[in-house]
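Written below as structure tokens is the structure these notes are about.
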Amino acid sequence: MRIDVLTLFPAMFAGPLDESIIKRARQAGILNLAIHNLRDYAHDRHKTVDDRPFGGGPGMLLKPEPIFEAVETLARPETRVVLLSPAGRVFNQAIARELARCDDLLLISGHYEGFDERVRQELADDELSIGDFVLTNGALPAMVIIDAVTRLLPGVLGDEASAADESFSQGLLEYPQYTRPAEFRGLKVPEVLLSGNHAAIAKWRAEQARLRTAQRRPDLL
Ligand code: 21W
């Protein structure tokens, strides 16, 4: 899969995507990731990317011309173009699976007070938010989405991690887990987990997952 990112803060992307599983996916050629500076597509003397909103009001908007030029340069007809903004539909695992089926993704990270509406109208196939909180720009959301999508690409995770995913993602939160020692600072591991009784362990875990989900995330039940 190829993912292009258009951002005013390309330096933010160095680090998070150069570690661990994403790093391996890139080295293996499963993920072909390219970060592009929106400012490179502004051609006036001051490389202007933003301007004041018609009608007045606070803040600045990203101008359409640099974004249109960048998308026309970077995207093929089949590229899925995704705007990142707090006004998007909220990203989740189902959307991650959907995006993982694309060959070509272009993520456009916003800033300031947002995008000129014509970018939405003419360029975007989709608009995504990562949740109901306010960030300074869309760079971290872009990285969150790249991470969630990349780990779903065939060959990125080992069979064991993929299988673990399947069993957890039955719509419930994870059950409590313990490793050695069996007693730590007086805190004991539940007896059933030491029993060797696999049917009893499975039953306990299912109960715990349900209980925890009911307490913390009743919306999932
Ligand atoms: C924050 C952009 C606030 C716009 C109309 C008039 C991308 C994000 C972002 C940002 C505003 C995501 C307004 C979760 C996020 C992002 C920067 C609001 C106010 N509208 N997911 N005035 N949270 N944030 N504009 O912040 O670009 S995905």
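Start at 1 and go down the list; that is how both ligands and their atoms are numbered. Being a predicted model, the structure only gives us computed values, none of them experimental.
Among residues at least two apart or in separate chains, ring pair (Phe, Tyr, Trp, His ring centres under 6.0 Å) pairs with a member in residues 9-33 are Phe9-His111. The salt bridge (charged side-chain N to carboxylate O under 4.0 Å, His left out) pairs that include a residue from residues 67-84 are Arg76-Glu78, Arg76-Asp104, Arg80-Glu98, Arg80-Asp126, where partners are two or more places apart or lie in different chains.
What sits closest to atom 14 (C) of ligand 1 on the protein, heavy atoms only, is Gly131 O, 3.3 Å. For atom 4 (C) of ligand 1, the closest non-hydrogen atom on the protein side is Tyr112 O, 3.6 Å. Atom 17 (C) of ligand 1 has as its closest protein heavy atom Leu135 O, 3.3 Å. Scanning all protein heavy atoms for the shortest distance to atom 9 (C) of ligand 1 gives Pro86 CD, 3.7 Å. Closest protein heavy atom to atom 19 (C) of ligand 1: Glu113 OE1, 3.0 Å.
Here's the thing with Val134: none of its N/O atoms is less than 3.5 angstrom from an N/O atom of ligand 1. Of the N or O atoms in Phe133, one or more lie within a sub-3.5 Å distance of an N or O in ligand 1. Residue Gly114 has no N or O atom closer than 3.5 Å to an N or O atom of ligand 1.
The backbone N or O of Val81 sits less than 3.5 Å from a side-chain atom of Asp125, completing a donor-acceptor pair.
The two residues Ala42 and Val49 make their nearest non-hydrogen contact at CB-CG1, 4.1 Å.
A side-chain contact (heavy atoms from CB on, under 4.5 Å) with Leu17 holds for exactly one of Ile146, Leu31, Val5; it is Ile146.
The shortest separation from a heavy atom of Leu128 to ligand 1 is under 4.0 Å, placing the residue in contact.
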